[in-house]
Each structure stands twice: as structure tokens, then as C-alpha cells.
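Since the structure comes first, as C-alpha cells, the remarks are kept for the end.
Note that these values count all heavy atoms, side chains included, but never hydrogens, waters or copies made by symmetry. Proteins come first, then strands; the chains are lettered A, B, ... in the order of their sequence lines, and each starts at number 1. All values derive from a computational prediction rather than experimental measurement.
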Number of protein chains: 2
Amino acid sequence: MRREFKKKSKILLIDDNYEHLVGIRELLNLEGTFDVVGIATNVTVGLNLIKKSQPDIVLLDMNMPDRDGLQGITEIAKLDLGTKVLALSGYDDADLIFRAMKLGAKGYVLKTMASAQLIYAIEEVINGKIYLPLALSSRFFEYFQQSFREESEKQTSDEENLLSYLTQREEEVLELLTQGVTYKGVAGKLFISETTVKTHVNNIFQKLQVNDRTQAVLYAINNGFLSKKVKMGV
Amino acid sequence: MRREFKKKSKILLIDDNYEHLVGIRELLNLEGTFDVVGIATNVTVGLNLIKKSQPDIVLLDMNMPDRDGLQGITEIAKLDLGTKVLALSGYDDADLIFRAMKLGAKGYVLKTMASAQLIYAIEEVINGKIYLPLALSSRFFEYFQQSFREESEKQTSDEENLLSYLTQREEEVLELLTQGVTYKGVAGKLFISETTVKTHVNNIFQKLQVNDRTQAVLYAINNGFLSKKVKMGV
DNA sequence: CTTAATATTGACCATATGGTCTATATCTTT
DNA sequence: AAAGATATAGACCATATGGTCAATATTAAG
């Protein structure tokens, strides 16, 4: 009884497979706690519907022509209506999962999952949580760790990181170079003469086997010199 | 009976809290499917024990002096014995969880969790899976998405990405600059005179509001010029 | 104590880089 | 046809950058 008075969550479905779309709508309508405010077979139409009906959550298919699905996440986020996106996909492509989550999807579910689990996922997301089924989060983490592993392997693969040969002072100089500071600036900041800076810089070039500051900076960035930052394929 | 013959998984515990260490050992011994081959109250000792006893899995406390826990993950990985690490922590610090997983931990559990869940986690990890309790994976994903959100906001926060004002030709020149190519080199590669390169470069500086090539390159890298790469706080 | 590594500086020079101004030649758009 | 954006290029100049050699002070290692 009381449930009748509780405001239903508004949900919108986007999937290029019309039959599937209708199927899910029926399922959710049967469930009764959701209000399916619209369905769309492509992102463009979906975006317009979102603007009009301002759903709480969008069930967005990832396996659509081009990369409409991923782009859809971004575009829905751009609307800045706080719409939550639950990604939906036919298979557990780790790369797709990773990208979807990176772009801000609040969850990712498979079409093959039991309807009860789908409904549970929707509820969790509406309640502000992030929902990734165990199987998918495993895929995600494998992919996640893999990309970092490759990255760190790449860094040390050239025998040793040449950066390790730099002396402390040389590192200080290089750090300033990576901030775009000029020689004169470095001299000022380190309270040494410009000549000294040049000497250090020359030694840095020798050790990093480069011929100019730009290459040195690039080497530093690409080899984890700014240890706080790590790059990651997207 | 047959279980007696099944090879038990070797497990090693590292935690600076000795009582906790002993407690877990007792728990695992009671369980019977594990063989606790060693305990250590610091990483250094732990590493030596790992080398000797080659455990399948290490339960590694994250809340140790300095950042011993995180470093421990890296150092265990460096041993290259295929040792799996299950991180253990007193509280659900999102940053810690994120870093631990990034460094290759196969899972993360809280000391407050029911012992049954701990045992389940250990078994999952031993079986090659990644185990993150729902609550922690939520923390993880919030943190994960947050860092990407901040990154993309940072990129477009200055109204618009200044890179978008560059003409096609200017982009080509800038791209070569980001590869450490000299003016002469650019001229050669684009079949134009060095003077023309300089003109383009000057225009680039104007548009990006910088004064030298290093700054231009840094701007390009930090603002998604190499759109395939994204940086991420670690 | 002696040697080696590091940090510092000066001098000198060649070339690269960056700033400014002017001037064509295309190409697109109005 | 005219206006605007783009790509091209020369001239001139000031400064920054990079290369090389030599020298001193300090510190670390043997």
C-alpha cells in the first residue's frame, strides 16, 4: 500500500535492439517500482528524451554501432543532469568495461544475467552505489592491473632506467626543466650560477643520451620521473 | 580423509601487530586447508621468509610504519616467485585500496571482516581470482572515477582547451615538437623552410600562451594532445 | 691519505630558439 | 570582388641553448 505512494524511480532505456528494449521495459513495468519514462534505439534520440524526462537512471547498451555506447556515457554526463548510467552489454569485454567505468558509468551488467540481478543492480545504482557483478569486476581488475604492469615493464625494459644514474642535484635541475623553467630560472631557484646549471644540464643529456631539453623532459615524463603520475591507456 | 592428501596451500602472514598475527595463524590452522609457513612483523623479515618457503599467498598488512605495506607489494612482486598478495587493512581507505590494487594486490580485506569471509577471500585468490568485497570495490570505483573526473575537468577547466585553436598545420608542427624534433628537423619532415616552421611555432606559442617549446610540449601532453594517454594520480 | 664522485664556476663559441615585421599565394566565405 | 583565414617565407636581431675545456671546493669511499 504504502509503496503506491513512494515516488517511483524514473528509468530510461537505450538499446539498438528494439525487441530487447521492449522486453526490459515489460520486465521493469512488471516489477512495479520503476517508471520507464522512455525508450530509444540510438543515443541521439535518447539524449533528447533524457532532457525532457530527466530520468534518475539510464540503462545504456554498449554494443551499438560505432562506439555509440561509450560516447553516450560521455554525452549524458555532459548534460549535467546527474543522470546515472548503468551500462549494459552482451558480453564481458574487459576493455569495454574498463572504459565504461572510466567514463563514469555507475555499473555494468550483462544481458545474460538473471532479471533479478538486473533489478538489484538498478536499485543499487539509484541508491548512489556503484554496481559491478563479481565476474565483471574480476575482468576489470585483471585489465586494470595488466595495464599498469605493462606500463612499468615498458619503463624498465630498456635495461635500466637511465634516470637512476642522475645525481640528486641533477634530478633537481631536471625537475625544474620538466616544469618549463629556463636556465636562468633554474639558477635563481637553486641559488647557483647559470653556468652551473648548464654543466648539470649537459651531464643530464649525457646520462639520458639525448641532445636537448625537450627530449630530456620527454624522457623524464615517459620514464616515471614524476613518480606521482602514471599513464594509462584509454 | 582424502583432504589429508591434498596439498595444502602455503600461506605467509605479515603484520606488525604480533597478537593479530598469531590470531590469524590460529584461525587458519583451525581451518585446516592452509599451511601457515611463516609469520613476520615487518616486510624485510617477510621477504626472507618468502624466499625460503615460497608461499602461494601472502597476507600483507597495509597499516604498517612508513608505507611499508605498499612497498611490500612491490618488493614481493620483484622476487618474481608468483607469490599472490592479499592486502589486509584496518580500515577502508580508498587511496590505500587503489594503490594496493594498482601495485598488483590480488585482493583487499578488512580486519573487521568475519573470519569466514577472510577464508573465502584467501581461497579465491589462491584459485587465481581477484577478490574485493563489495564495500571495498565501491570505495575503489568511487576513487577511480573521481580521479578521472578531476583529470578531465582540469583539462577543460580553462574555458576551452587551447589546443583546439591550433590549425591543422600547427598541430603537425606541435606533434613533431612533442617528439623532440628540432626546427630544422620539422622543416625537413614537412618540406617547408625553417622560417615557416618558426612562424608556425610562434603562432602556437601565442595560442597556447607559452613562451618556449618545452612549455608548449608540456601543455600539449597535459591537455590530451596525445589523446591516447591519460595521467592518473597514484 | 688518496682517489673518485659531485657541485660549483668561468670563458669562449656555435647554433638554436624566439620575437617582430613584412609580404606572397591559396583557399574559403560572404 | 572583397575579406579573412591559412600557409608560406625572408630579413634582422636578441637571447637561450648546447658543447667544450679547465679549475676549485666538498664530500664520500677506499
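- Between A:Ser193 and C:dT9 there is a side-chain N or O to OP1 or OP2 distance below 4.0 Å.
- Under the 6.0 Å cut-off for aromatic ring centres, B:Phe98 and A:Phe144 qualify, their centroids lying closer than that.
- Every ring-ring contact (aromatic ring centres under 6.0 Å, His included) that B:Tyr131 has, sequence neighbours left out, goes to B:Tyr120.
- Atom pair B:Glu170:CD and D:dA7:C1' shows a separation of 10 Å (rounding to whole Å applied).
- Looking only at side-chain heavy atoms (C-beta outward), A:Leu163 and A:Leu174 come within less than 4.5 Å of each other.
- Stacking of B:Lys8 on the aromatic ring of B:Phe34 is not recorded, the 6.0 Å distance cut-off and the 45° axial limit not both being met.
- A heavy atom lying under 4.0 Å from DNA chain D marks the following residues of residues 197-211 of chain A, by number: A:Lys198, A:Asn202, A:Phe205, A:Asn211.
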So which protein N/O to nucleotides 26-30 of chain C N/O distances come out below 3.5 Å?
none

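- Remark on the helix from C:dC1-D:dG30 to C:dT30-D:dA1: inter-end axis angle 50°, axes from five-pair C1' superpositions, rounded to 10°.
- Proximity note for A:Thr167 (side chain, C-beta onward) versus D:dG18, C:dT9, C:dT6: the nearest is C:dT6.
- Atom-to-atom, CD1 of B:Ile192 to P of C:dA25 comes out at 18 Å; the value is rounded to the nearest Å.
- Residue A:Thr196 is classed as a base contact, given a heavy-atom separation below 4.0 Å to a base.
- Side-chain atoms of B:Thr196 and B:Thr199 include no donor-acceptor pair closer than 3.5 Å.
- Computed from coordinates, the B:Leu174 CG to C:dT17 C1' distance equals 16 Å when rounded to whole Å.
- Residue B:Thr195 is classed as a base contact, given a heavy-atom separation below 4.0 Å to a base.
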*List the steps and the verdict of side chain to side chain contact (heavy atoms under 4.5 Å, CB included) for B:Leu13 and B:Leu28.*
CA-CA 11 Å; B:Leu13 317 176; B:Leu28 296 179; 4.0 Å; yes
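- Checked by atom type, the side-chain pair A:Gln71/A:Glu75 shows a donor-acceptor distance below 3.5 Å.
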*asked:* Could you go through B:Tyr108 and B:Phe140, starting from their C-alpha distance and side-chain angles, then the distance that decides it, and tell me whether this counts as ring pair (Phe, Tyr, Trp, His ring centres under 6.0 Å)?
replied: CA-CA 11 Å; B:Tyr108 202 110; B:Phe140 173 93; 10.0 Å; no
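- Nucleotide D:dT6 holds its P atom 12 Å from the CD atom of B:Glu171, rounded to whole Å.
- Using a 4.5 Å heavy-atom threshold, the side chains of B:Leu70 and B:Thr74 count as separate.
- The closest side-chain heavy-atom distance from B:Leu177 to B:Tyr183 is below 4.5 Å.
- With rounding to the nearest 0.5 angstrom, the CD1 atom of B:Ile97 is 5.5 Å from the CG atom of B:Asp92.
- A heavy atom lying under 4.0 Å from DNA chain D marks the following residues of residues 179-188 of chain A, by number: A:Thr182, A:Tyr183, A:Lys184.
- The cationic group of B:Lys102 lies under 6.0 Å from the six-membered ring centre of A:Phe148 and within 45° of the ring axis, placing it in a cation-pi geometry.
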_Full working for side chain to side chain contact (heavy atoms under 4.5 Å, CB included) between A:Ile130 and B:Glu142_ = CA-CA 8 Å; A:Ile130 284 174; B:Glu142 277 158 22; 4.1 Å; yes
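- Between the CD atom of B:Gln168 and the C1' atom of D:dT6 there is a distance of 11 Å, given to the nearest Å.
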*Mind running side chain to side chain donor-acceptor pair (under 3.5 Å) on A:Asn63 and A:Ser89 for me, showing each step along the way?*
CA-CA 6 Å; A:Asn63 308 124; A:Ser89 169; 3.1 Å; yes
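- Residue A:Glu194 contributes atom CD, which lies 15 Å from atom P of C:dT8 at whole-angstrom precision.
- In summary, B:Asp15 and B:Lys111 engage in a salt bridge, as defined by a charged side-chain N under 4.0 Å from a carboxylate O.
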*Which letters describe nucleotides 25-30 of chain D, given B = protein heavy atom under 4.0 Å from base, S = only from sugar-phosphate, - = neither?*
------
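- Applying the 4.0 Å criterion to OP1 and OP2 of D:dT6, one finds that B:Arg169 has every side-chain N and O outside that range.
- The distance from atom CG of B:Asp16 to atom CG of B:Leu21, rounded to the nearest 0.5 Å, is 9.0 Å.
- Side-chain contact, B:Asn211 with B:Gln215: a donor N or O sits under 3.5 Å from an acceptor N or O.
- The nearest whole Å value for the distance from the CG atom in B:Leu190 to the C1' atom in D:dT6 is 15 Å.
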